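Computed from a predicted structure; not experimentally measured. Numbers restart at 1 for each chain; the letters A, B, ... are given by sequence-line order, proteins then strands.
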Amino acid sequence: MELDHTLGCGQAFRWSSDGCWHFGTVCSAALKVRLTPEGLECRSSPPLKAGFIRSYFRLDDDLDAIIAGMTRHFREKGDRHLKEAVQRYRGLRLLRQDPWECLVSYVTSIVSNIPKITRCIEKMSRKYGTRLELDGRETYSFPSPEALAAAGAQGLKDCELGFRGRYISELAGEVVSRQIDIGALRSAAYPDARKALMQLMGVGEKVADCVSLFSLDKLEAFPVDRWVQRVARRLFFDDRPVSVRIVREWGMEKYGPYARYAQEYLFHYVRHLPAESLFP
DNA sequence: TGCCAGGCCTTCC
DNA sequence: GGAAGGCATGGC
């Protein structure tokens with residue numbers, strides 16, 4: 001595992017690093033992790049349940065086998081972009097995030113950018129979460145659905161959320177009043193989980209796919225945002241105009257069982273390419 | 001100053 | 001059911 005790639009690739013928004021430790025807030029715990037010759041070292045407050053870290057970092061995913069599968073794929077299909085992405089970011093793992101936090105985070109991400117998303121989430125947590133401390137470092141838990149429902153649209157707008165404040169307020173209200181358990185969708189089939197998510201305010205195809213991929217174990221999901229759409233058009237569709245739906249179906253078909261990892265490696269790869277190499 | 005950003009909702013046809 | 005327009009805010 002490579003922690004810089006895994007925690008810095010933009011799939012989760014509550015991690016930072018001092019070059020030695022990675023500091024994060026996950027659900028209701030402050031934690032810090034680092035890699036040592038003995039493996040993954042983790043400290044947390046309050047102490048996490050046994051197996052949490054294993055689940056969060058998806059340590060049950062056989063990354064070597066997945067990379068071998070993607071390697072086979074790009075050799076057979078001549079996909080040089082996936083090849084370079086895998087070579088450059090080897091060790092990037094998907095995370096298994098908390099579904100509620102993931103859902104709100106990706107509604108926050110609508111027409112935004114990673115620094116701003118990070119700021120909004122920190123403000124929301126500071127205002128509506130509970131205080132945590134680990135080795136003198138202060139942080140705040142991610143707010144519960146009840147806390148965000150009670151916050152109201154204006155309270156959330158004040159967290160730099162803009163029009164997303166209303167989405168999140170109504171979304172939280174729906175989850176509380178209908179007693180929806182987002183995590184229960186883990187046991188649903190991907191199309192059913194996706195459909196259920198899209199019934200919620202502020203959740204369209206892209207957000208539903210991100211939540212499916214990053215928190216609900218939906219292996220087939222291939223989220224298509226502006227970056228993926230633009231890059232797919234540029235690199236794989238000879239600059240022909242192509243809809244989100246077409247790119248999504250193309251990605252799911254093209255990468256099959258590796259869609260989830262292929263998408264994340266490609267996304268991280270293209271975000272770090274110089275602009276002129278993509279759009280000369 | 002004006003454009004753009006990890007889309008979605010609403011309206012209109 | 002598909003195509004436009006509007007949406008808050010900050011960065012560049």
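Rounded to an integer number of Å, the gap from CD1 of A/I114 to P of C/dT9 is 22 Å. Distance A/M201 CE to C/dC7 C1': 13 Å, rounded to the nearest Å. Between A/I246 atom CD1 and C/dG2 atom P the separation is 12 Å, expressed in whole Å. Between A/L171 atom CG and B/dG7 atom P there is a gap of 17 Å when expressed in whole angstrom units. Taking atom CZ on A/F163 and atom C1' on C/dC7, their separation rounds to 6 Å, with Å as the unit. Following rounding to the nearest Å, A/I168 (CD1) and C/dA8 (C1') show an atom-to-atom distance of 13 Å. Summarising the geometry, the separation between CD on A/E160 and P on C/dG10 is reported as 5 Å, rounded to the nearest angstrom.
Among the atoms of the strands shown, base atoms are found under 4.0 Å from some heavy atom of A/Q11. When heavy atoms are screened at a 4.0 angstrom cut-off, A/F13 is found touching base atoms of the nucleic acid. Residue-level contact check: A/I117 touches the bases, meaning some heavy atom is under 4.0 Å from a base atom. Looking at heavy-atom distances under 4.0 Å, A/V207 makes contact with sugar-phosphate atoms alone, never a base. Nucleic acid contact class of A/V203 (heavy atoms, under 4.0 Å, all strands): sugar-phosphate only. At a threshold of 4.0 angstrom between heavy atoms, the contacts of A/R164 include nucleobase atoms, whether or not backbone atoms are also involved.
If you check C/dG10, B/dC8, B/dA5 against the side chain of A/R230, the one that comes closest is B/dA5. Closest contact between the side chain of A/R226 and the listed nucleotides B/dA5, B/dC9, C/dG10 involves B/dA5. Comparing C/dG10, B/dG7, B/dT10 by their nearest atom to the side chain of A/R166 picks out B/dT10.
A salt bridge is defined here as a Lys NZ or Arg NE, NH1 or NH2 lying under 4.0 Å from an Asp or Glu carboxylate O, and A/E170 with A/R166 meets this definition. A salt bridge links A/R58 to A/D217: at least one charged side-chain nitrogen sits closer than 4.0 Å to a carboxylate oxygen. Looking at A/R248 and A/E253, no side-chain N of the basic residue comes within less than 4.0 Å of a carboxylate O on the acidic one, giving no salt bridge. Taking 4.0 Å as the cut-off between side-chain N and carboxylate O, A/D192 and A/K218 do not count as a salt-bridged pair.
A gap of 23 Å separates the P atoms of B/dC9 and C/dG10, to the nearest Å.
Nearest-nucleotide positions on DNA chain B place A/C9 closer to the 5' end than the other of A/C9 and A/Y167.
A/Y265 and A/G91 make their closest contact through OH-N, 3.4 Å (heavy atoms, listed as atom of the first residue, atom of the second, distance).
Pair assignment for B/dC9: C/dG5, on the basis of Watson-Crick or G-U wobble contacts that are both within less than 3.5 Å.
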